Amino acid sequence: MDKDELEFLKELRDEFYQDTPEQLDSCEEIILTFKTTGDKSNIDKLKRTIHSLKGSAQAVDLANMASFFHKFETILAASSGCTNISNLVNFLLLFVEGIRNYLSSLRTAGDCTSCETNLTTLLNINKIE
Amino acid sequence: MPLNTDLDTLAQQTKNRLLDINTQVKILIVEDTAIQAKKLKFYLEKLGYQIVWSENGKLALEELDKNSFHLVITDVQMPEMNGLEMLESIRSNSKLKNTPVIVITTLDNDDVCEQSITLGADDFIAKPFQHREINLRIQNILERKRSEEFTRIQLNAIESSMDGMAILNQNGQYIYVNEAQVKVFGYVGSEEFVGNYWESLYEENEIKKLNEEIWPIFKKEGKWLGEIMAKRKDGTKYEQEISLTMIDNGKFVSICRDISERKRMEREKEILQKKLYLTSRLASIGGLAAGVSQEISVPLNELISNVSNLKMMFKENTPIEQSKMQPFFSHLGNTITTITKIVNGLRDYSKVSHQHEQVDLDIHQIIKSTIELIGSSVQQKNIQIEINLNATNYHAGGDTAKFGQVILNMLFNAKESFEQAGNKKKGTIKVNTKNVDNLLIIEIIDDGLGIPDDIKPKIFDNFFTTKTNSTNGSNGTGLGLTICKTIVDEMKGTIEVNSIVNVGTTFTIKIPFICKNCLTAP
């Protein structure tokens, strides 16, 4: 990779760090609207946002984050038959929070093993077979 | 190290060349996520492509309406209009339908892959992808599109050709025909043609000719061009010009056209030309006969008149003094000389019309010899001859005696022009030669009497002369310049005159060079 490329990728990652919190806020709003209205179109909205975040994480070489998003997408896709809205909402909010912390740690420290562990556990617990 | 430097240079040169080619390629990226779009744009621009980015399908269609692109790379999931909806619009738009599209999709989405293919995507690539991979796919698609476009252009050219074109297999069976081929044979659709054997389109005699004369040459040389009699669907025959060219695996291409109209016009033209030639021959024979009759009748009438006078004198039975007889005998002598000149002139004229073998003439030598011949008689008339033989290539094809006659006649005419002017001044005759392009130019220039404008057009006519001298009874035959023109015409040359009264006359002879190998040595 040449100097230009390295510089460009660093700028792109900085842009990701800057823009993603806003996207996560948007996810929270969608989740709370779903909690209030029960309208499943919000889940579709959430899927699209998460899908986009996954692509962006892949683009800036945050493979682990992209993987978390991917697993989250799978759970979301399988959640269409879920009747326990409250549990679902909790899971969704916890995930978003987890990602927010992870993002913040990555930005400051470059990695966060504990964040990854937490997210992995959260996703495994809520995996729908 | 020198070797590595050369390789580095070569690698850089190759990279630069590819960059040059890529800068002509314009790609539209359709992607709603800014970061993903920017990354793809960065890498593709680094490879030299021109990139435009639209955030969704709707904006992309607006962009495609305004500008043309060589390729579209699109994500699937986008707000407003997703990638597949956009693809469907592109394929149903007559202006855009041939635009190549690459769909970027996720590996685990089989539905999207299947839908992309169904809707006519040229390729799809799964996320995450390497940028080298997408570049290869871009190059492959563009190359394929270029080939398709070139094939389409070729096919259009073949279909719109006015000449009939057909491809036949090694058995002589038609496997492809264009519109013109169908029409020239009087058929309606290509389906009537394809599958037929070529023999069914030609008469038996022509088939025999094709098989015995044409086919062997064609097999040996791989091509043949000629004319043949073809047969239309309704059985009518027509003359056809046809070329055959062998292509791969024994197949061959035939190109043909109906030349019956052209042939008919050629035959008509030939008949007309023969008629014209005959008419002009008759006219010139008539003209010649009239001229001969006219020219001989004048001195003959003089002869009759002189003889009649002589008879009268003898009838009177008186002694006739010699002094009175002398003028009669002098007139008789002149009349006989004149008639003799006319007869000799006619003989020369008839000699000229026979084709003689062309030999290599040394024009300069002929000019010098002729000047030597008349030099003394010219000098006696106070006329100087100047020669400027500047031509470096002065060889031409012709007859030595005849061309000598041309120069002699020209010089005599020049001499005569001073005599007609009364030799009041010292005169000059110049003989010049030069080369211009492939022509030998010979000029005979005098500063004599000149030729009036009303006379100039007639000077090459049979028996036309302005030379009369009633004192000595010598007349011109009027055939000298006619003979010159005929000889020069035979040499495929031209002879022109320019003249101003009381200034002088220039005769210009232009003769083309003829290849030396075509001539016989003198």
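Nothing here was measured: the structure is a model prediction, and the numbers come from that model. Chain letters run A, B, ... following the sequence lines, proteins first, then strands; residues in each count from 1.
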Next item on the list: Count the heavy atoms belonging to other residues, nucleotides or ligands that lie under 6.0 Å from NZ of A:K35, then report whether that count exceeds 12.
Entry: no
Notebook entry, point to check: Using 30° and 60° as the class limits, which term best fits the ring planes of A:F8 and B:F42: parallel, tilted or perpendicular?
Noted result: parallel
Note to self: For B:Q154, is the CD atom crowded, meaning more than 12 foreign heavy atoms sit under 6.0 Å from it?
What the structure shows: yes
Item checked: From NZ (A:K47) to CD (B:Q77), nearest 0.5 Å -> 9.5 Å
Item checked: B:K39 vs A:V60, side-chain contact (heavy atoms from CB on, under 4.5 Å): CA-CA, chis, key distance, verdict -> CA-CA 9 Å; B:K39 191 176 182 188; A:V60 297; over 6 Å; no
Notebook entry, point to check: Which bit of A:F16 is near chain B, if near means a heavy-atom gap under 4.5 Å: side chain, backbone, both or neither?
Noted result: both
Margin query: Within the supplied structure, the quantity of interest is the number of heavy atoms (other residues, nucleotides, ligands) at a distance under 6.0 Å from B:K97 NZ; does it exceed 12?
Written below: no
Check: Counting only heavy atoms not in B:E88, do more than 12 sit closer than 6.0 Å to its CD atom?
Finding: no
Check: Does CD in A:E22 sit with more than 12 non-hydrogen atoms of other residues, nucleotides or ligands closer than 6.0 Å?
Finding: no
Checklist line | A:L53 versus chain B, the contacting section by heavy-atom distance below 4.5 Å | finding: neither
Check: Using a distance-only test with no angle check, is there a side-chain donor-acceptor pair under 3.5 angstrom linking B:T33 and A:S52?
Finding: yes
Margin query: Salt bridge or not between B:K38 and A:E15? Use side-chain N to carboxylate O under 4.0 Å.
Written below: yes
